[in-house]
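Positions are given from 1, in the same order as the sequence printed here.
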Amino acid sequence: MRIHLAAGLAACVALSAAPAVRAARAPGPITHEVRMWSDGATAHFAPAEVVIHPGDAVRFVNTGGGPHNVSFDPEKLPADVRRALLADMGTQIQPLWGPLLTETGRDYTIRFSGVKPGRYEFFCMPHMAMGMRGVLVVR
Ligand SMILES: [Cu+2]
């Protein structure tokens with residue numbers, strides 16, 4: 001009993017000494033991570049919705065069942081967003097289609113420096129038929 005009480009007291013002290021949890025994120029751009037995987041029957045971006053601020057980067061990682069890629073449909077984007085994405089995406093196998101990540105562990109990072117706030121859908125070209133898609137939300 002004495003041991004439990006001591007442990008409880010220690011936990012209380014630890015809690016009160018801990019810094020307050022901040023809801024706001026640290027200032028400056030950050031890198032988000034999105035896993036890309038398939039089990040053969042289903043294929044996913046996880047998380048399927050990624051919320052970023054302008055200047056943030058998203059690192060897409062193939063965690064299995066590739067090849068995967070990140071593709072945007074040019075016809076679903078306003079012209080200024082299309083231009084910004086073309087510049088931000090770096091390596092592309094065709095305009096707005098990121099490279100195929102064939103091996104597990106491979107990644108592709110996009111820093112969204114010029115994309116204005118909005119909601120933009122993307123998909124995995126090899127798994128388009130399996131509905132592998134996600135949404136980028138720029139705040
Ligand atoms: Cu895929």
**Request:** Starting from Val51, walk the hydrophobic network (Ile, Leu, Val, Met, Phe, Trp, Tyr; side-chain heavy atoms closer than 4.5 Å) and list everyone else you reach, by chain and number.
**Result:** Val135, Val137

**Asked** Can you list the residues that meet the salt bridge (charged side-chain N to carboxylate O under 4.0 Å, His left out) rule with Arg139, with sequence neighbours excluded?
**Response** none

**Item:** Partners meeting side chain to side chain contact (heavy atoms under 4.5 Å, CB included) with Thr63 (sequence neighbours left out)
**Value:** Arg35, Trp37, Val61

**Message:** Checking Ser38 against Met132 for the side chain to side chain contact (heavy atoms under 4.5 Å, CB included) test, could you report, in this order, the C-alpha distance in whole Å, the side-chain angles of both residues, the deciding distance, and whether it holds?
**Reply:** CA-CA 9 Å; Ser38 174; Met132 182 171 169; 5.8 Å; no

**Item:** Pairs meeting criterion salt bridge (Lys or Arg N to Asp or Glu O under 4.0 Å) with involvement of residues 57-66, two or more places apart
**Value:** Glu33-Arg59, Arg59-Asp107

**Request:** Only pairs at least two apart or in different chains count here, so list each salt bridge (Lys or Arg N to Asp or Glu O under 4.0 Å) that has a residue in residues 80-92.
**Result:** Asp80-Lys116

**Request:** Identify the heavy atoms of Pro29 and Gly55 that sit nearest to each other, and give their distance.
**Result:** CB-O, 3.3 Å

**Message:** Going by ring-ring contact (aromatic ring centres under 6.0 Å, His included), name the residues that satisfy it together with Phe72, two or more places apart in sequence or in a different chain.
**Reply:** Phe122

**Fill in**
Hits for side-chain hydrogen bond (donor to acceptor under 3.5 Å, both in side chains) against Asn69, two or more places apart or cross-chain, chain-then-number order -> Ser71

**Asked** What pairs with His53 under side-chain hydrogen bond (donor to acceptor under 3.5 Å, both in side chains), at least two apart in sequence or on another chain?
**Response** none

**Request:** Name all residues meeting the side chain to side chain contact (heavy atoms under 4.5 Å, CB included) criterion together with Ile30; count only those two or more places apart in sequence or in a different chain, and write none if there are none.
**Result:** Arg25, His32, Asp56

**Request:** Report the residues that fulfil side chain to side chain contact (heavy atoms under 4.5 Å, CB included) with Met128, sequence neighbours left out, ordered by chain and then residue number.
**Result:** Phe123

**Item:** Minimum heavy-atom distance Tyr108-Thr91, with the two atoms named
**Value:** OH-O, 2.9 Å

**Item:** Beyond-backbone contact of Gln92 with Trp97, side-chain heavy atoms, under 4.5 angstrom
**Value:** no

**Request:** Tell me whether Leu136 is reachable from Val81 by hopping between hydrophobic residues (I, L, V, M, F, W, Y) whose side-chain heavy atoms are closer than 4.5 Å.
**Result:** yes

**Request:** May I ask whether Met125 and Val70 are part of the same hydrophobic cluster, defined by side-chain heavy atoms of I, L, V, M, F, W, Y residues being less than 4.5 angstrom apart, directly or through others?
**Result:** no

**Pairs touching residues 120-134 that satisfy salt bridge (Lys or Arg N to Asp or Glu O under 4.0 Å), sequence neighbours left out** = Lys76-Glu121

**Prompt:** Taking all atoms of both residues into account, what is the closest heavy-atom pair of Pro67 and Cys124, and its distance?
**Reply:** O-SG, 4.3 Å

**Prompt:** Atom CD1 of Ile110 and atom CE of Met89: how far apart are they, to the nearest 0.5 Å?
**Reply:** 4.5 Å

**Prompt:** Taking it one step at a time, do Leu96 and Leu77 satisfy side chain to side chain contact (heavy atoms under 4.5 Å, CB included)?
**Reply:** CA-CA 11 Å; Leu96 302 180; Leu77 300 169; 3.8 Å; yes

**Message:** Hydrophobic cluster membership, with links at side-chain heavy-atom distances under 4.5 Å among I/L/V/M/F/W/Y: are Val58 and Leu100 in one?
**Reply:** no

**Request:** Could you list the residues that satisfy salt bridge (charged side-chain N to carboxylate O under 4.0 Å, His left out) with Arg106, not counting sequence neighbours?
**Result:** Glu103

**Single-linkage hydrophobic cluster Val34~Val138, side-chain heavy atoms < 4.5 angstrom** = yes

